[in-house]
Each structure stands twice: as C-alpha cells, then as structure tokens.
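Some notes on the structure that comes next.
Whatever order the structure lists them in is the order used to number ligands and atoms, beginning at 1. None of these values were measured; they are calculated from a predicted model. We count residues from 1, following the sequence as given.
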Amino acid sequence: MKILENVDLSEYSYMKIGGTGKYLIEIEKDREIKDVHDFAMEKNLPIFSIGSGSNTIFSDKDHNMVFVKFKTSDIIKTYEDENFINLKVSAGVDWDDFVDWAVSNGYSGVECLSFIPGTIGASPIQNIGAYGQEVKDSILYVEVYEFETGNFYEIPNLECDFSYRDSIFKKNIGKFAVANVGFRLSKKDPAMPTYKDLSLYFLTQQTKNPSLKKIRQAVIEIRKQKLPDWQKEPNCGSFFKNPIVSNDLAQKLIKEYPDLPQYNAGDGKTKISGGWLIEKCGLKGKDFDGISVHNKSALVLVNKKDGNFKKLEKAIDEITKKVRDKFDIELETEPNLIK
Ligand SMILES: Cc1cc2nc3c(=O)[nH]c(=O)nc-3n(C[C@H](O)[C@H](O)[C@H](O)COP(=O)(O)OP(=O)(O)OC[C@H]3O[C@@H](n4cnc5c(N)ncnc54)[C@H](O)[C@@H]3O)c2cc1C
C-alpha cells in the first residue's frame, strides 16, 4: 500500500474544492484494507473510502482522517450459461471502462449507464442511474469489509436496501468499504430503450432495434450535449436529487404548472424535475460568487471561478430557500459533502 501525507483534497474531487487530508492510502489488493484499518486504529483516526471523487466534496478545513482509495482492477467471470454471465468486479475498476468492456463483449444491463464517471466501488453507494437504468438491476451482491467487525462478507442485492440514489451504504457512510461488486449481465439483445431522450434519438435515426454499441454511443452523445465537461467546468453532475413527492402534491403542482416534468415513482409517489424547479425560480445560469447554476442543466452546480466550500454552502442555502419559498419543496443534495 502507498501512504500519502497532507494531500490536497481538491485534487480528489471533481468539484475541485477541499482542504487537506492527513493521510491518503492507495491499495492495490482488496485485502490490504485490513492493514489500512490497523493503521487508522493505531493513529486513532477515522477512515473514509473514496473512489474517483466525482460525487464527493470536501470542506476547506484540514481533515485529520485516513482516506483510502482502492486501485484494484479485476473483472472475473464467476458463472456463465447461454443466457447470463456473472462477474466479480474490483472496487477500483473505472465504471465506464467496465460498461465499455460489457458492451464490447455483448453483455447487456449497464449500457444506459455509459459515461457516468466514477468507480465500481462507488456504483452501489447511491445506486447510480441514468436513462431508465439503475445499477441495482444488475447487481447480485456487494462484497464489503465491515470496519466494526473487521470481516469481509457479501451483502445480497435484496439486503442492500436500494432505492432512488440511495442504499444501505449511503445511509451508513463509513460503516463499510466496498471491496468488490457481483454483477449478473444478460447475453440477450438489449430491449429498445423507453427513456424519452433515447427513444427520440432512435426515432430520429429510424433505428428500430439498436445494438448495445448503438445505445452506448447514443447515451454518450446525449450526455455530452447536456452536461458540462467536468475537466473544463468542475462539477459533480446533478447537485440535487429530483424530489419525490406524494401524488396529491404532484397533482396540485401540475394544475398550477402544466409543464412540470414528472414521473411515476410507485408507492403513491411522483418524482418531479428538480432542475425545472430551480429554473422556475429564475436561477438557471445564476452565479453565486464563483459557484454557478449551469446554464444548460439547472440541476448542476459548477465551480466557475475560485469556488470554495463556504461559497458552495451559501449557494446551496440560497437555492434551497428559493425553491422552498416558491414550491414548499425541500431540495436534497446528491453529492457527499464531507464537512
Ligand atoms: C459529470 C457527472 C455526471 C454524473 N452523472 C451521473 C448520473 O447520470 N447518474 C448517477 O447516478 N450519478 C452521476 N454522477 C455522480 C457520480 O458519477 C456517481 O455517484 C459515481 O458512482 C461516483 O463514483 P466515484 O468513484 O467518483 O465516487 P466518490 O465521489 O469518490 O465517492 C462517492 C461516495 O461513495 C463512497 N465510496 C467510494 N468508493 C467506495 C468504496 N470502495 N467503499 C465504500 N464507499 C465508497 C464515498 O465514501 C462517497 O460516499 C455524475 C457525476 C459527474 C461529475
């Protein structure tokens, strides 16, 4: 394992914000997490697992902690029949490299999740999702190291408590390190995507049964048009979750605002567009002292110039207050804010 000291945490967040981290340890074998745990206990410091930092923002202070980053890289076939393949994938594998690998080998289940930044280890944390797919639908189990007991074990899908951008892991940040994720992918041809932007894309192209490669290409093209390039404009993707409200409230809102985009979320609930709410408050493109609401996607906050955590918190307060005052809806942040 490689121990780095006093690291600049802004280099480990796509938002390019953050103070310093006392220790950052990179491991190339998943079992080394035990050694990192021993190291942290010896120093009496808390441990925090990080992936590529595309959904994490650190506050400006010095963080007296041990950060651990998996740099493991295996994709292992554990079972195969004529319809399915099961895989055990290391936490350190780049998410989009895995999707590219699956698509190139003809395995479906994650193609609509193309071009989402991040790592395999982080994918179950907020149950990543896009264009009608969620990672929970391809996960068999998550293999974790539990800090409290010092044991490795597999948590089967049904016990991961997956829901929209949530899981048992997100509810218990710091309890587990994800070491590997078990996936089950299909060898069958992919179903025609039903998500609006994608089906429109294929309708325009007059493609009836798009291949996995075509779906991946379409998702990448659409995402490039809609989302800012984090390398040029530092951001963590959607900054707020799309609020899930009761059907009654959604009905009331739709009467007043017929153009409000909404989706059935099941269980008597409706998911409404957070970006639309922010835009309707007149905040699209608005700059908050260097932190800006993106001018194409109002759900994304961008670190335009010299943003820091204090400025970010101020922007969050102002945006959530405006939405609360106008719609009586509480916006929830999506990235992990490490204060
Ligand atoms: C431009 C852009 C677009 C995005 N689009 C989407 C999208 O369409 N859909 C979507 O769902 N998300 C999206 N995201 C968010 C982000 O890509 C995902 O949440 C991704 O899974 C984060 O991966 P990461 O490795 O960067 O995680 P990090 O940001 O490093 O960590 C995220 C969380 O996971 C935890 N974690 C990371 N690795 C481990 C581990 N091994 N064990 C335990 N905990 C761990 C961290 O503690 C933290 O709580 C987007 C982000 C950006 C910047």
### Under-4.0 Å salt bridge between Glu80 and Lys187
yes
### Task
Not counting sequence neighbours, list each pair that qualifies as a salt bridge (Lys or Arg N to Asp or Glu O under 4.0 Å) and has a residue in residues 236-254.
Lys241-Glu332
Check each N or O atom of ligand 1 against all protein N or O atoms and list the pairs under 3.5 Å, with atom names and distances to 0.1 Å, one per line.
| unit_1 | atom_1 | unit_2 | atom_2 | d |
| --- | --- | --- | --- | --- |
| ligand 1 | 5 (N) | Arg223 | NH2 | 2.7 |
| ligand 1 | 8 (O) | Arg223 | NH1 | 3.0 |
| ligand 1 | 8 (O) | Arg223 | NH2 | 3.3 |
| ligand 1 | 9 (N) | Gly129 | O | 2.8 |
| ligand 1 | 11 (O) | Gln126 | NE2 | 3.2 |
| ligand 1 | 11 (O) | Gly129 | N | 3.1 |
| ligand 1 | 11 (O) | Arg165 | NE | 3.4 |
| ligand 1 | 12 (N) | Gln126 | NE2 | 3.1 |
| ligand 1 | 17 (O) | Ser54 | OG | 3.1 |
| ligand 1 | 17 (O) | Pro117 | O | 2.7 |
| ligand 1 | 19 (O) | Asn55 | ND2 | 3.1 |
| ligand 1 | 19 (O) | Gln126 | NE2 | 2.9 |
| ligand 1 | 23 (O) | Ser54 | OG | 3.4 |
| ligand 1 | 25 (O) | Ser52 | N | 2.8 |
| ligand 1 | 25 (O) | Thr119 | N | 3.0 |
| ligand 1 | 25 (O) | Thr119 | OG1 | 2.7 |
| ligand 1 | 26 (O) | Ser52 | N | 3.3 |
| ligand 1 | 26 (O) | Ser52 | OG | 2.6 |
| ligand 1 | 26 (O) | Gly53 | N | 3.1 |
| ligand 1 | 26 (O) | Ser54 | N | 2.8 |
| ligand 1 | 26 (O) | Ser54 | OG | 2.6 |
| ligand 1 | 29 (O) | Ser54 | N | 3.3 |
| ligand 1 | 29 (O) | Asn55 | N | 2.7 |
| ligand 1 | 29 (O) | Thr56 | N | 3.3 |
| ligand 1 | 29 (O) | Thr56 | OG1 | 2.8 |
| ligand 1 | 30 (O) | Gly51 | N | 2.7 |
| ligand 1 | 30 (O) | Ser52 | N | 3.4 |
| ligand 1 | 30 (O) | Gly53 | N | 2.9 |
| ligand 1 | 31 (O) | Thr56 | OG1 | 3.1 |
| ligand 1 | 41 (N) | Val178 | O | 3.1 |
| ligand 1 | 42 (N) | Val178 | N | 2.7 |
| ligand 1 | 47 (O) | Ser49 | O | 2.6 |
| ligand 1 | 49 (O) | Asn336 | OD1 | 3.4 |
| ligand 1 | 49 (O) | Asn336 | ND2 | 3.3 |

### Lys/Arg N to Asp/Glu carboxylate O, Lys171 vs Asp166, below 4.0 Å
yes
### Task
Inspect the contact between Asp60 and Lys311 and indicate whether a charged nitrogen and a carboxylate oxygen are less than 4.0 angstrom apart.
no
#### Entry: Listed once per pair and sorted, the side-chain hydrogen bond (donor to acceptor under 3.5 Å, both in side chains) pairs that draw on residues 107-116, sequence neighbours left out
Glu111-Gln133, Ser114-Arg216
I'd like a table of donor-acceptor pairs (distance under 3.5 Å, sequence neighbours excluded) in which one partner is a side-chain atom from residues 191-198, with atom names and distances.
| unit_1 | atom_1 | unit_2 | atom_2 | d |
| --- | --- | --- | --- | --- |
| Asp197 | OD2 | Lys226 | NZ | 2.6 |

